[in-house]
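Written out below as structure tokens is the structure these notes cover.
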Amino acid sequence: MTDRYAVFGHPIAHSKSPQIHAAFARQTGQDMTYAAILAPLDGFPASVAAFVATGGRGANITVPFKEEAFRLAQQRTPRAERAGAVNTLVFADGEIRGDNTDGAGLVADLTRNLHRPLGGRRILLLGAGGAARGVIEPLLDEAPAALVIANRTVARAQELADLFGRGVAACGFDTTGSGFDVVINATSASLAGELPPLSPAVFAPDALAYDMMYGRDTPFLAFARAHGAATADGLGMLVEQAAEAFFVWRGVRPETAPVIAALRHAA
Ligand code: ATR
């Protein structure tokens with residue numbers, strides 16, 4: 001029987017995950033389907049239960065259900081625990097297991113696709129919401145020289161710094177310090193077409209500016225480019241977090257480069 005997977009979100013119509021996983025399945029010869037399911041805002045657990053009852057083997061979870069998926073999971077991986085959110089569910093042995101592949105996806109995109117080693121480098125992470133929290137642990141595991149979290153509401157950045165320890169520093173946008181090798185935008189400012197008020201001095205001479213949003217040139221990336229930084233959007237992270245989820249479910253690592261290229265071409 002063909003194994004069934006799906007992504008749950010609200011909204012979900014524009015999700016690229018079905019396309020990405022269909023490409024992975026073709027490439028690796030896995031017998032599976034992958035659908036997009038619009039869960040009601042007040043009915044996420046019931047929607048997941050219905051999917052499991054009809055033979056669902058696993059799911060990806062996107063906005064706004066990642067924290068609810070965390071609570072729904074009866075078992076969680078350490079990286080999901082640290083992220084406080086779950087983007088990947090495994091349904092096996094009558095149990096729901098929760099994982100989080102977002103941070104691994106970001107690190108894979110930065111290091112493998114964009115050729116930006118993070119060890120010994122200075123990283124500035126903008127934002128202190130769920131998106132930022134989800135990537136901190138895997139960034140720290142790369143042993144950067146510094147990881148600074150800057151946020152509009154400094155207290156939220158400080159909470160995250162306290163939660164993770166390991167030398168993580170917190171500040172506001174006006175007190176970040178300067179000379180970062182990688183500056184990652186994990187705020188939702190880009191959604192509103194806004195730019196965190198940063199000094200151009202945040203960018204080291206050969207810095208990379210990375211926006212976790214994809215599909216449009218954000219004010220943050222335009223600002224970074226104007227000040228000499230290289231730029232990348234979050235499309236590679238999207239494909240890499242999917243590849244990591246695919247590996248969790250199927251035990252096979254798909255090649256991501258052709259899938260990223262195809263999505264870029266289609267955009
Ligand atoms: P997500 O799950 O996408 O991270 P969130 O938890 O609501 O969503 O967090 C949104 C993040 O974007 C926060 O860091 C928020 O800053 P505050 O903590 O000060 O609210 C940040 N953010 C949202 N709009 C912003 C803007 N216009 N400028 C700068 N930061 C913004």
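Hydrogens, waters and symmetry mates play no part in the numbers below; they use all other heavy atoms, side chains included. Worth saying up front: this structure is predicted, and the values here are computed from it rather than measured. First listed ligand is number 1; within each ligand, the first listed atom is number 1.
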Open item on the list: If I take atom CZ from residue Arg133 and atom CZ from residue Arg82, how far apart are they, to the nearest 0.5 angstrom?
Closed with: 8.0 Å
Open item on the list: Under a 3.5 Å threshold, yes or no: a donor from one side chain and an acceptor from the other, between Gln75 and Glu95?
Closed with: yes
Task: Shortest protein contact, atom 17 (P) of ligand 1 (heavy atom only) - done: Thr153 OG1, 3.5 Å
Open item on the list: Quick check on contacts: which atoms of ligand 1 are under 4.0 angstrom from a heavy atom of Glu194?
Closed with: 26 (C), 27 (N)
Task: Asn185 and Ser190: side chain donor to acceptor below 3.5 Å - done: yes
Task: Shortest reach to atom 28 (N) of ligand 1 by a heavy atom, considering only Ala155, Pro197, Gly193, Ala189 - done: Ala189
Task: Per atom 21 (C) of ligand 1, closest listed option by heavy atom (Leu126, Val154, Thr187) - done: Thr187
Task: Taking atom 5 (P) of ligand 1 as the reference point, the nearest protein heavy atom with its distance - done: Gly129 CA, 4.0 Å
Open item on the list: Please list, in number order, the atoms of ligand 1 under 4.0 Å from a heavy atom of Ala131.
Closed with: 1 (P), 2 (O), 4 (O)
Task: Sub-3.5 Å N/O-N/O distance, Pro196 and ligand 1 - done: no
Task: For atom 25 (C) of ligand 1, closest protein heavy-atom neighbour - done: Arg152 NH1, 3.2 Å
- [ ] Sort out for me which residue in Phe246, Tyr5, Phe247, Tyr34 forms a ring pair (Phe, Tyr, Trp, His ring centres under 6.0 Å) with Phe24.
- [x] Phe246
- [ ] Please indicate, with yes or no, if any protein heavy atom is found under 4.0 Å from atom 7 (O) of ligand 1?
- [x] no
Open item on the list: Under 4.0 Å, heavy-atom basis, I'd like to know which part of Asn151 is in contact with ligand 1: side chain, backbone, both or neither.
Closed with: side chain
TODO: Decide whether Asn87 and Thr101 meet the rule of one side-chain donor and one side-chain acceptor closer than 3.5 Å.
DONE: yes
Open item on the list: Measuring from atom 12 (O) of ligand 1, which candidate in Ala128, Ser188, Ala192 has the nearest non-hydrogen atom?
Closed with: Ser188
Task: Thr111 side chain to Arg116 side chain, donor-acceptor N/O pair below 3.5 angstrom - done: no
Open item on the list: Regarding Arg76 and Glu81, does a basic nitrogen lie under 4.0 Å from an acidic carboxylate oxygen?
Closed with: yes
Task: For Gly127, the ligand 1 atoms whose distance to one of its heavy atoms is below 4.0 Å - done: 14 (O)
Task: Verdict with supporting geometry, Ser17 and Asn60, side chain to side chain donor-acceptor pair (under 3.5 Å) - done: CA-CA 8 Å; Ser17 293; Asn60 284 132; 5.0 Å; no
- [ ] Mark up the atoms of ligand 1 that fall under 4.0 Å of a heavy atom belonging to Gly130, in ascending order.
- [x] 1 (P), 2 (O), 4 (O), 6 (O)
Open item on the list: For the aromatic rings, using the six-membered ring if either is Trp, is the centroid distance between Phe44 and Phe65 under 6.0 Å?
Closed with: yes
- [ ] Could you find the nearest protein heavy atom to atom 13 (C) of ligand 1 and give me its residue, atom name and distance?
- [x] Arg156 NH1, 3.7 Å
